[in-house]
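What follows is a single structure, written as structure tokens, with notes after it.
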2 protein chains.
Amino acid sequence: MQLTRQGDYAMRAILFLAASPQARIQEIARAQFVPKEYLAKIVQKLSQAGIVTTHRGVGGGITLARPPEEITLLDVVEAIEGPVALNSCFIRPGECPRESYCAIHAELEHIGNTLARMFANVNFADLAKKEAALCKGAKAWRLETGGVGEM
Amino acid sequence: MQLTRQGDYAMRAILFLAASPQARIQEIARAQFVPKEYLAKIVQKLSQAGIVTTHRGVGGGITLARPPEEITLLDVVEAIEGPVALNSCFIRPGECPRESYCAIHAELEHIGNTLARMFANVNFADLAKKEAALCKGAKAWRLETGGVGEM
DNA sequence: GTAATTGCGGGTATAATTTATCCGCTTTAA
DNA sequence: TTAAAGCGGATAAATTATACCCGCAATTAC
Ligand code: FES
Ligand code: FES
């Protein structure tokens, strides 16, 4: 029942971008403690999902494809980890012999939908605000790196 | 965002036991389409978690350790897959450098708790009832195997 | 007490997935 | 034309999930 590290990394990246109009992958990787080559792969998925827009060449980097208010945890999680479905029997219909009468399936479907809705209720503008507030409290950290959005 | 097949198998086994006072692993495996050697491993976890009681020897098998009303999806999921926590940073505290100020962490913790509560709200007595009802509709299946609880 | 049954636990093998890195290519702006 | 930046394909390493096997321990029937 865990998100993968990829999902984690992706959320950190979007959170960073929510406070920074444009940034290079390398910058984000450094600031958010993510291996930069790996983050590059993740950004590709986010780009294909239409969450970020990329810009090549000198002065390039990536930006959010829409305002952070309109990007939810669900968007990012689904872009990276695929649809939120709790049961493996749910992914490939017709594979499970119990499918036609399975009460578990029905229940997990319902819970999964609720879970997805919870993810959808969290947007990155709010997250960025919360994190900014939390950062004020974390003085030690602030001294080390100098802030979230501005490095 | 998926349960493992082990979790699936475990739920099927408990569901079977909810309708059958006692059964051998082999029986459950056959009826629920689970590899029997694998199910044996899973049953061990369920046993250690105090969800089922095992009985060795002739006429042995396994039984539910308490009435199915008091066994929830959460019990089974946690016994097999470990605590319900969405974020890997949440499992081993002190590992993530962002930990002290991370807004994502806080949000995922909340969602994870709600998810756990949803799992805890489903018990196997209800599931068994639902499945029995669903089975009535699935005539084709009924003809093949003859029912859930009684083989 | 012996034999048959049934779960225990440890080990092993295989496959799948996750995590991470590398490199040549294309795009873009100066 | 050149340097910066992302693209995409390949690959390697680590971890986890799935499945199976076997000798042992416990239990019951005889
Ligand atoms: S649909 Fe496969 S076990 Fe429920
Ligand atoms: S605690 Fe590690 S990213 Fe939030």
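Side-chain atoms are counted along with the backbone in the values below, which use heavy atoms only and exclude waters and symmetry mates. First the proteins, then the strands, lettered A, B, ... as listed; each starts at 1.
Following rounding to the nearest Å, L3(B) (CG) and dA17(D) (P) show an atom-to-atom distance of 11 Å. Atoms CD (Q22(A)) and C1' (dA29(C)) sit 12 Å apart, rounded to a whole Å. One can place CD of Q48(A) at 9 Å from C1' of dC7(D), the figure rounded to the nearest angstrom. Atoms CD (Q26(B)) and C1' (dG7(C)) sit 12 Å apart, rounded to a whole Å. Following rounding to the nearest Å, I28(B) (CD1) and dT6(C) (P) show an atom-to-atom distance of 13 Å. Look at CD on Q6(B): it is 13 Å from P on dT16(D), rounded to the nearest Å. If you measure from atom CZ of R56(A) to atom P of dA30(C), you get 17 Å, rounded to the nearest angstrom. One interatomic measurement links the two molecules: CG of L46(A) to P of dG8(D), which rounds to 14 Å at whole-angstrom precision.
Here dA10(D) is the nucleotide among dA26(D), dA10(D), dA19(D) with the atom lying nearest to any side-chain atom of K41(A). With dT21(C), dA5(D), dA17(D) as the choices, the nucleotide that has an atom nearest any side-chain atom of R24(A) turns out to be dA5(D). If you check dT6(C), dT18(C), dC22(C) against the side chain of E37(A), the one that comes closest is dC22(C). When the nucleotides dT5(C), dG6(D), dT6(C) are ranked by their closest atom to the side chain of V58(B), dT5(C) comes out on top. With dA19(D), dG7(C), dC7(D) as the choices, the nucleotide that has an atom nearest any side-chain atom of T54(B) turns out to be dG7(C).
A salt bridge does not link R98(B) with D8(A): every distance from a Lys NZ or Arg NE/NH1/NH2 to an Asp or Glu carboxylate oxygen is 4.0 Å or more. The pair E27(A)-R24(A) meets the salt-bridge criterion, since a charged nitrogen lies less than 4.0 angstrom from a carboxylate oxygen.
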Atom pairs and distances, donor-acceptor, side-chain atoms in residues 41-63 of chain A, under 3.5 Å, two or more places apart:
{"from": "K45(A)", "atom 1": "NZ", "to": "Q6(A)", "atom 2": "OE1", "distance (Å)": "3.0"}
{"from": "H55(A)", "atom 1": "NE2", "to": "T63(A)", "atom 2": "OG1", "distance (Å)": "3.2"}

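The phosphate of dA20(C) (OP1 or OP2) has a side-chain N or O of Y9(A) nearer than 4.0 angstrom. Taking 4.0 angstrom as the limit, R5(A) places none of its side-chain polar atoms (N or O) nearer than this to OP1 or OP2 of dT15(D).
Between P35(A) and H55(A), the residue anchored closer to the 5' end of DNA chain C is P35(A), taking for each the nucleotide with the nearest heavy atom. For Q44(A) and G57(A), each mapped to the nucleotide of DNA chain D holding its nearest heavy atom, the one lying further toward the 5' end belongs to G57(A).
Q2(A) and N87(B) make their closest contact through NE2-C, 4.3 Å (heavy atoms, listed as atom of the first residue, atom of the second, distance). Residues A29(B) and L39(B) come closest through the heavy atom pair N-CD2, 3.6 Å.
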